[in-house]
Amino acid sequence: MAQLLAVVGGGDLSTHAVLAAEALRKAAGRRNTPITLELRGKGASGNPLSDAAIAEARAVLLVGEGDLGEARFGALHRARAAIEDVLTDVNAVFDRLGAGAEAPSPAASAAATPKKIVAITSCPTGIAHTFMAAEGIQAAAQALGHAIRVETQGSVGARDALTAPEIAAADIVLIAADTGVDRARFAGKRVYATNTKAAIRDGKGLIATALAEAQMQAAGGTEATADGPARPAAAEKQAGAYKHLMTGVSFMLPFVVAGGLLIALAFAFGGIDAMKPENAGTLGYALGEIGAKAAFALIVPALAGYIAYSIADRPGIAPGMIGGMLAANLQAGFLGGIAAGFIAGYTTRFLNRHIRLHKNLEGLKPVLILPLLATTVTGLLMVYVVGVPVAAVLAALTEWLKGMQGASALVLGLVLGGMMAVDMGGPINKAAYASAAALLSSGVDAPMAAVMLGGMTPPLGIALATRLFPSRFTAPEREAGGAAAVLGAAFITEGAIPFAAADPLRVIPSMVAGSAVAGAIALTSGVTLKVPHGGLFVLPIPNAVTNVTGALIALAAGTLVTGLLVGLLKKRAA
């Protein structure tokens, strides 16, 4: 039966947008009019319009502002309304939809023409979101009839790297990344940048928006024009301090992983005293030197250098790393490194934009003028202004975390564990993860245990629920439960996203509860973790995890809580 469609876009998905969708649903019921609704926005979590629903529809109502994915609707009749109009007089809005509709917008018509697209996806850890975003873009492009090539910048570097001829032939470049991406090779191409979540949530809408709003990339990789940003205004708002921090974290993680595992192996081969001077020359001592005095020594400089790189591109790396080294020498740790990275990045970007030289001397800016001036400013601020107070704050924080016990450990474990399940790889999850990973460089390894166990719990709990309560899930969901278990064992929280998207009000609170339990048990039982990833696969490594038994108990308890709550709260599958 032909039906009406409605898309409600509320930006951050405010309460008003949800109320407008409910008002439309009730009004359609009173009129005996079939309607299918979709909520779009930063907080939207499910029920996108299917291709079948769009094909059978006779009209679509576009409510609110922002990206409503209009290109999907082709020549379908449409009408528009503000959220306020729906809340004020929903019947008038329905009458407007029935009276007629407008022609498709030029952007929608342009999006319908086959295009050649090249894309890059990347996330801080370079694992789940990177490849989920790539799959989302590829599937959407194929469904829309566009030719596409996607380069993934993952944990082992770039895969399926774009070639120069492919870039030259492309109509647009689409970047879906939560970290900084070097754009120098895209000079002269139309570029649109956003985050990975947009690609995962609605690939078709993202491609339509990119085709309409992509802007020309100028040479140099950081600016589109002399005065304008290289990314559209909407994307520019999203690429603030959080994205710069995540870029630094993504480059820092390999140093943390390598250093932590090497230190653990040093203890395995040489005992707890392996790194004492009297053991010099032994294998354990050598491994400890590599891990502690080489890999760990570079953690803060790498963090600071690549925060600055995200802000100012390549000219920011040297000032950022030097500022990070000063932070480490001043005992300001990762907090000082973060401060140094932002100081170096914004200083370099300011100088780059405001220093104007003759074209014959322009080549001196990136190799001489910017590194010298930005490093001087960053270094002096670190030595005389930032370093000492930040070092005092870090010392106090470190002592408090190391001395945690009882109620304080319980509360911190509940908070960190719960944060990992709130948005499963989103900003809240990444904030907890980045904080715990950074604390490893200061010798505080308990929060990392709560974070990893809390992050493993959601997909493992979902997998358990599909086995204990099969009637609550559809056949495809039961099959996906096995994949979720594997992802959970590898500490890939995103394995729970499809289940949360299908039933967020019941599934997400269940996962948060289970992850909070896992984190609380981990911290109260003294579990520590020296590496920031790996899941169950790091447990057999000697000394990588302290109190393995406690870790397994925490994981089992959190998984059981999530599994039982999901099974009890979810309705029986149709």
request  = Determine, step by step, whether Thr209 and Tyr192 satisfy the side chain to side chain contact (heavy atoms under 4.5 Å, CB included) criterion, reporting the C-alpha distance in whole Å, the side-chain angles of both residues, the deciding distance to 0.1 Å, and the verdict.
outcome  = CA-CA 9 Å; Thr209 303; Tyr192 182 85; 3.6 Å; yes
Would you give the length of the straight line joining atom [atom1] of [X] to atom [atom2] of [Y], rounded to the nearest 0.5 angstrom?
{"X": "Arg185", "Y": "Arg183", "atom1": "CZ", "atom2": "CZ", "answer": "12.0 Å"}
{"X": "Asn547", "Y": "Leu552", "atom1": "CG", "atom2": "CG", "answer": "9.0 Å"}
{"X": "Ile369", "Y": "Leu351", "atom1": "CD1", "atom2": "CG", "answer": "10.0 Å"}
{"X": "Leu174", "Y": "Leu206", "atom1": "CG", "atom2": "CG", "answer": "5.0 Å"}
{"X": "Leu555", "Y": "Ser515", "atom1": "CG", "atom2": "OG", "answer": "9.5 Å"}
{"X": "Leu381", "Y": "Leu326", "atom1": "CG", "atom2": "CG", "answer": "11.0 Å"}

Of all heavy-atom pairs between [X] and [Y], which one has the smallest distance, and what is that distance?
{"X": "Ala500", "Y": "Met511", "answer": "CB-CE, 3.8 Å"}
{"X": "Ala304", "Y": "Ala340", "answer": "CB-CB, 4.3 Å"}
{"X": "Pro459", "Y": "Ala496", "answer": "N-CB, 3.9 Å"}
{"X": "Val545", "Y": "Ala551", "answer": "CG1-CB, 4.3 Å"}
{"X": "Pro447", "Y": "Leu416", "answer": "CB-CD1, 3.8 Å"}
{"X": "Arg349", "Y": "Ile311", "answer": "CD-O, 3.5 Å"}

Of all residues at least two apart in sequence or in a different chain, which pass the side-chain hydrogen bond (donor to acceptor under 3.5 Å, both in side chains) check with [X]?
{"X": "Thr493", "value": "none"}
{"X": "Arg149", "value": "Glu166"}
{"X": "Lys189", "value": "none"}
{"X": "Thr347", "value": "none"}

Using residues 521-530 as the side-chain source, report each donor-acceptor pair under 3.5 Å to any protein atom, sequence neighbours left out, with the distance given to one decimal.
from	atom 1	to	atom 2	distance (Å)
Thr524	OG1	Ala520	O	2.7
Thr524	OG1	Ile521	O	3.2
Ser525	OG	Ile521	O	2.6
Ser525	OG	Ala522	O	3.3
Thr528	OG1	Thr546	OG1	2.7

Could you tell me if the side chain of [Y] sits less than 4.5 Å from the side chain of [X], heavy atoms only?
{"X": "Leu536", "Y": "Met456", "answer": "yes"}
{"X": "Leu373", "Y": "Ile355", "answer": "yes"}
{"X": "Met325", "Y": "Ile322", "answer": "no"}
{"X": "Ile137", "Y": "Ile117", "answer": "no"}
{"X": "Ile307", "Y": "Leu245", "answer": "yes"}

request  = Can you run down the salt bridge (charged side-chain N to carboxylate O under 4.0 Å, His left out) pairs that involve residues 325-343, sequence neighbours left out, and say none if there aren't any?
outcome  =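 Listed by first then second residue: nothing to list.
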message = Quick test of your reading: applying side-chain hydrogen bond (donor to acceptor under 3.5 Å, both in side chains), list the pairs with at least one residue in residues 364-383, sequence neighbours left out, ordered by first then second residue.
response =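 Matches after skipping sequence neighbours: Asn352-Lys365, Glu362-Lys365.
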I'd like to know if the side chain of [X] reaches the main chain of [Y], judged simply by a donor and an acceptor atom lying under 3.5 Å from each other, with no hydrogens or angles considered.
{"X": "Thr121", "Y": "Thr130", "result": "yes"}
{"X": "Glu151", "Y": "Leu162", "result": "yes"}
{"X": "Ser250", "Y": "Thr247", "result": "yes"}

query = Which is it for Ile497 and Met132 under the side chain to side chain contact (heavy atoms under 4.5 Å, CB included) test, yes or no, and what are the steps along the way?
reply = CA-CA 11 Å; Ile497 288 177; Met132 292 170 70; 4.0 Å; yes
task = Among residues two or more places apart or on two chains, list those pairs meeting ring-ring contact (aromatic ring centres under 6.0 Å, His included) that have a residue in residues 334-357.
result = Phe350-His354
query = Which residue pairs pass the ring-ring contact (aromatic ring centres under 6.0 Å, His included) test when at least one of the two sits in residues 250-272, sequence neighbours left out?
reply = Phe251-Tyr306
inquiry  = Checking Val150 against Ile120 for the side chain to side chain contact (heavy atoms under 4.5 Å, CB included) test, could you report, in this order, the C-alpha distance in whole Å, the side-chain angles of both residues, the deciding distance, and whether it holds?
reply    = CA-CA 6 Å; Val150 181; Ile120 292 179; over 6 Å; no
Please output the side-chain donor-acceptor pairs of residues 280-297 that fall under 3.5 Å, not counting sequence neighbours, one pair per line with the distance.
from	atom 1	to	atom 2	distance (Å)
Thr282	OG1	Asn279	O	2.7
Thr282	OG1	Tyr285	N	3.2
Glu289	OE2	Lys293	NZ	3.2

key: side chain to side chain contact (heavy atoms under 4.5 Å, CB included) partners of Ala258, counting only residues at least two apart   =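 So Ala258 forms no side chain to side chain contact (heavy atoms under 4.5 Å, CB included) with any residue.
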remark   = Taken in chain and number order and not counting sequence neighbours, the residues that satisfy side chain to side chain contact (heavy atoms under 4.5 Å, CB included) with Val393 are Leu335
task = Could you please spell out the steps behind the side chain to side chain contact (heavy atoms under 4.5 Å, CB included) verdict for Val538 and Met452?
result = CA-CA 11 Å; Val538 302; Met452 189 170 83; 3.9 Å; yes
